[in-house]
Amino acid sequence: MASSADDPAVRTGDGWAVAHIDAIGEGPGFRKVRGALGVTAFGVNAIVLPPGIETGPHYHDRQEELYFVHRGTIEMEFGDGSREELTEGAFARVDPPTTRRIRNRGDVDAVYVIVGGKDGYVGRDGHVPAGEEQRVRALHDLGGSQ
């Protein structure tokens, strides 16, 4: 396992990179996941938002975003005035031109991850290494067919 020359807290290997959110930044605000891990196919950041703090509204020209709440509770307010409370484990998708604003409604730091991109799904292009087919099929069967 090697460390990145730019950030020794990011561990890298042949075709992968890993880091803990606390190694990517300190305190409240953005954690630049994309840059730290060398992600090139889509945008991704984590945000640490203290209790009672809200972000300013924003929207995008082309980038659809997916939000995932890792810790805490946030409220998302959308351009049409709708508000949704998102707790740990919740997801929200937002179209590019839709204005959104986020508030931490909890009493601990909220941590959420934002993934953004454009031009869609590439299809199911995953493969299983030879000899792993039965194990993967059994795991899939545990979750039920979809």
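Computed from a predicted structure; not experimentally measured.
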Flag yes if M76 and I114 sit in one hydrophobic cluster, no otherwise; membership is Ile, Leu, Val, Met, Phe, Trp, Tyr, and two members link when side-chain heavy atoms are under 4.5 Å apart.
yes

Worked check of side chain to side chain contact (heavy atoms under 4.5 Å, CB included) between Q63 and K118:
CA-CA 5 Å; Q63 179 174 263; K118 181 188 174 303; 5.6 Å; no

Heavy-atom neighbours of D107 CG exceed 12 at 6.0 Å:
no

Would you say D95's side chain and P97's backbone share a donor-acceptor pair under 3.5 angstrom?
no

Would you compute the distance between atom OG1 of T55 and atom CG of L49 and round it to the nearest 0.5 angstrom?
7.0 Å

Can you get from L86 to F78 by hopping between Ile, Leu, Val, Met, Phe, Trp and Tyr side chains that sit under 4.5 Å apart?
yes

Between N104 and P50, is there a donor-acceptor pair closer than 3.5 Å when you use the side chain of the first and the backbone of the second?
yes

Neighbour count above 12 (heavy atom, 6.0 Å) for R100 CZ
yes

Heavy atoms of other groups near D80 CG, more than 12 under 6.0 Å:
yes

Has E132 got a side-chain atom pairing as donor or acceptor with A130's backbone, closer than 3.5 angstrom?
no

Rounded to the nearest 0.5 Å, what separation is found between the CZ atom of R31 and the CD atom of E26?
8.0 Å

Please report the interatomic distance CD1(I102) to NE2(H58), rounded to the nearest 0.5 Å.
7.0 Å

Please check if the side chain of R105 supplies one atom and the backbone of R103 the other of a donor-acceptor pair under 3.5 Å.
no

d(N45 CG, Y112 OH) to nearest 0.5 Å is 10.0 Å

Same cluster for V39 and V113 if Ile/Leu/Val/Met/Phe/Trp/Tyr side chains link at under 4.5 Å?
yes

